[in-house]
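Some notes on the structure that comes next.
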Protein chains: 2
Amino acid sequence: MSKHELLIIDDEAQIRKLLEITLHTNDFKTKEAVDAKSGLIMAATCHPDLILLDIGLPDESGHVVLRKLREWYTKPIIILSAHSSEDDIVKALDNGANDYLVKPFRTGELLARIRSSLRTTTSEIQKEILKYNDLQIDLTNRIVKKNNDVVKLTSTEYNLLALFVKNEGRVLTHSYLLREVWGPGYLDQLQYLRVFIAQLRKKIETEPNHPEFILTESGVGYRFVIKEK
Amino acid sequence: MSKHELLIIDDEAQIRKLLEITLHTNDFKTKEAVDAKSGLIMAATCHPDLILLDIGLPDESGHVVLRKLREWYTKPIIILSAHSSEDDIVKALDNGANDYLVKPFRTGELLARIRSSLRTTTSEIQKEILKYNDLQIDLTNRIVKKNNDVVKLTSTEYNLLALFVKNEGRVLTHSYLLREVWGPGYLDQLQYLRVFIAQLRKKIETEPNHPEFILTESGVGYRFVIKEK
DNA sequence: TTGTTCCGTTAAGATCTCTTCAAATTGAAC
DNA sequence: GTTCAATTTGAAGAGATCTTAACGGAACAA
C-alpha cells in the first residue's frame, strides 16, 4: 500500500495538529498550509492525492480557493467548515468539492470519507505502468512494450509475465507458477512452463538465449529480476 | 444534457414521494423499490446512474444490500439513514458508499451531493465530440459518423461503443462488457458479444475483417484503440 | 568418457476461440 | 393482428492458442 499524500489548508493550528496526528497514525503523509495563498502554491508544487480545505481562511474565502484549485486540480477536495448552512454546503459542492464536513467533525468519519473519496477517484485512473529499461508493462491496460513497440502476448503468456512482475526479485517455484497460471491440476506439467518461458523470452528479451529479465533457477523455478543500468 | 436515472430504495412511502418530486423537478428520472430484494433486482435490470439507498429496510439491512450491489455496481451509491452514529457512517462508507446523509436531510444539500457524486464518476468524458481519423463520436447527442456520414446504431450497439470509447486503450474482458451492457445476469452469453462486435465493426470499421479500432484479445476480451496517423 | 537429469527449442496436430451468416424469436409501433 | 427492427440463437468454417512429443545442449556425477 503506497502512502497517499494529503494537503491540509487550514489557519487554525489546533485543527492542523489534530489532523496531522490522526492522518499520520492512519498511514497518510501530510503537507500543511496556513492560508489561501500558500495553499494554492503548495497544491501546485506537491500535487497531493487529496486536499482538506478549510472554508474560513484569513486571506481569502475558501470558496474562491476551491474555484481556483478546480481550474486544474482533478483529485478530491474535502471541505472542512464551521458553517453548516445549506447555502454554504451547496455552493461548495457545486464548485467542485467532493465532500463537506462540519466542524467539529468526528475523526473516524473524516477518515472514512477520505478513504471513500480516494477510492472513487483512484480506481479509475490509477495507471500502473512499470518500466524496466526498454521493457514497459502496463498492468491496468494489459499492454506490454519492448523498445516502445507493442508486444503481442497471448493470455497465458501475459498471466505468466504479470505474475513475475508482481513478484519481482523472488524465486517462483515450478509448482507455484503452474498452480497460479494453469491451476492446481497442472502441477506436474513442467513442460508447459518450459515452452511458455521460452516464448516469453523470445518476445521480451533482447537476447533470448542470454536472458536479462527471466532467469532460470535450476531445479527450483524462475526469477524475474531488474538489473538497473 | 441527458437525464440521469436514479434508483430510490426506501420503504417509507413518504420519503419516496418527497424524493420523487424533488428529483423530477430537478431533471432527474427515477425508479423506485420498496425493499432490499426488489432494489437489487431493479438495479440489475435498469442500470441507474446513481442509487439512493435507505439503510433501514424491512427485509434486509442496507449494509448487506450495499455489499451485494458493490459486487458489480460501480456507479455512485448515496446512503440515506435515520442513524447518525459514527459506526454506521464509517461502515457504510468503507463498504463502498460514496456519501451518507442523515434523515431528515435538506433537499438542496441532497441535490448538491448527487450532482457532486455524478460529476466525479462521469467527468472522464467532457469532450463533446471525439474524432478518431474518419470516425466521429458525439457522446452527448449519441451520434456516430464515419466519413461524415451518420452511422445508424441500435441502442445496444451504441452502449457497447460508448463503453469502449470511455475505456480507450484498455482491454475490456468479456465478463466486464457483458455486465456493463447487458447486466450481471448475462455473464455467460459470450455469443451476444461476438455478434454485436461483428455488427459494430461492420458499421464503424473501414475494413471489418481487418479492424482498426476494435481489436480482439483472444481468450480475454476486446480493446478499443486509436492509431495515431 | 558415459550416463543421467534438467532445460531450451521447435513444430505439427489438437483444441479452443472467434467470425460470419442466417434463421428464429421477441418486442414495439401502428 | 401486422409489420418492422432489433435481439437472440445456432451452426460452419477460419483463426489463434495450447498441447504434445521429439531432439539437442548444458551441467554434473560416476
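Lettering of chains follows the sequences in order, A, B, ..., and the numbering in each one begins at 1.
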With a 6.0 Å cut-off (strictly less than), is the heavy-atom count around [atom1] of [X], excluding the residue itself, greater than 12?
{"X": "B:Tyr186", "atom1": "OH", "result": "no"}
{"X": "B:Lys203", "atom1": "NZ", "result": "yes"}
{"X": "B:Asp188", "atom1": "CG", "result": "yes"}

Could [X] and [Y] be called an ion pair, given the rule that one side-chain N must be under 4.0 Å from one carboxylate O?
{"X": "B:Lys37", "Y": "B:Asp59", "value": "no"}
{"X": "B:Glu20", "Y": "B:Arg16", "value": "no"}
{"X": "A:Arg67", "Y": "A:Glu71", "value": "no"}
{"X": "B:Glu180", "Y": "B:Lys166", "value": "no"}

B:Thr156 has its side chain closest, among D:dT20, D:dT17, D:dT7, to D:dT7

Distance flag, aromatic centroids of A:Tyr222 and A:Phe196, threshold under 6.0 Å
no

Whole Å only: how far is the [atom1] atom of [X] from the [atom2] atom of [N]?
{"X": "B:Gln189", "N": "D:dT8", "atom1": "CD", "atom2": "C1'", "value": "8 Å"}
{"X": "B:His210", "N": "D:dA14", "atom1": "NE2", "atom2": "C1'", "value": "12 Å"}
{"X": "B:Tyr186", "N": "D:dT9", "atom1": "OH", "atom2": "C1'", "value": "14 Å"}
{"X": "B:Lys152", "N": "D:dT7", "atom1": "NZ", "atom2": "P", "value": "10 Å"}
{"X": "A:Tyr158", "N": "D:dT17", "atom1": "OH", "atom2": "P", "value": "16 Å"}
{"X": "B:Arg194", "N": "D:dT7", "atom1": "CZ", "atom2": "C1'", "value": "17 Å"}

Between B:Asp49 and B:Leu6 (side chain of the first, backbone of the second, donor and acceptor by atom type, cut-off under 3.5 Å), is there such a pair?
no

Does B:Glu212 use its side chain to pair, donor to acceptor, with the backbone of B:Glu207 at less than 3.5 Å?
no

How close do B:Pro208 and B:Lys202 get, counting heavy atoms only, and between which atoms?
CG-CA, 3.8 Å

Of the residues in residues 197-207 of chain B, which ones touch DNA chain D at a heavy-atom distance under 4.0 Å?
none

Does D:dT9 have OP1 or OP2 sitting under 4.0 Å from an N or O in the side chain of B:Tyr192?
yes

Is any side-chain N or O of B:Trp182 closer than 4.0 Å to OP1 or OP2 of D:dT8?
yes

Closest-nucleotide 5' rank along DNA chain D - winner of B:Ser218 and B:Ser155:
B:Ser155

With B for base contact, S for sugar-phosphate-only contact and - for none (protein heavy atoms under 4.0 Å), nucleotides 21-30 of chain D reads BB--------

So the contacted stretch of DNA chain C, first to last nucleotide with an atom under 4.0 Å from a non-hydrogen atom of chain A, runs from C:dC6 to C:dT10

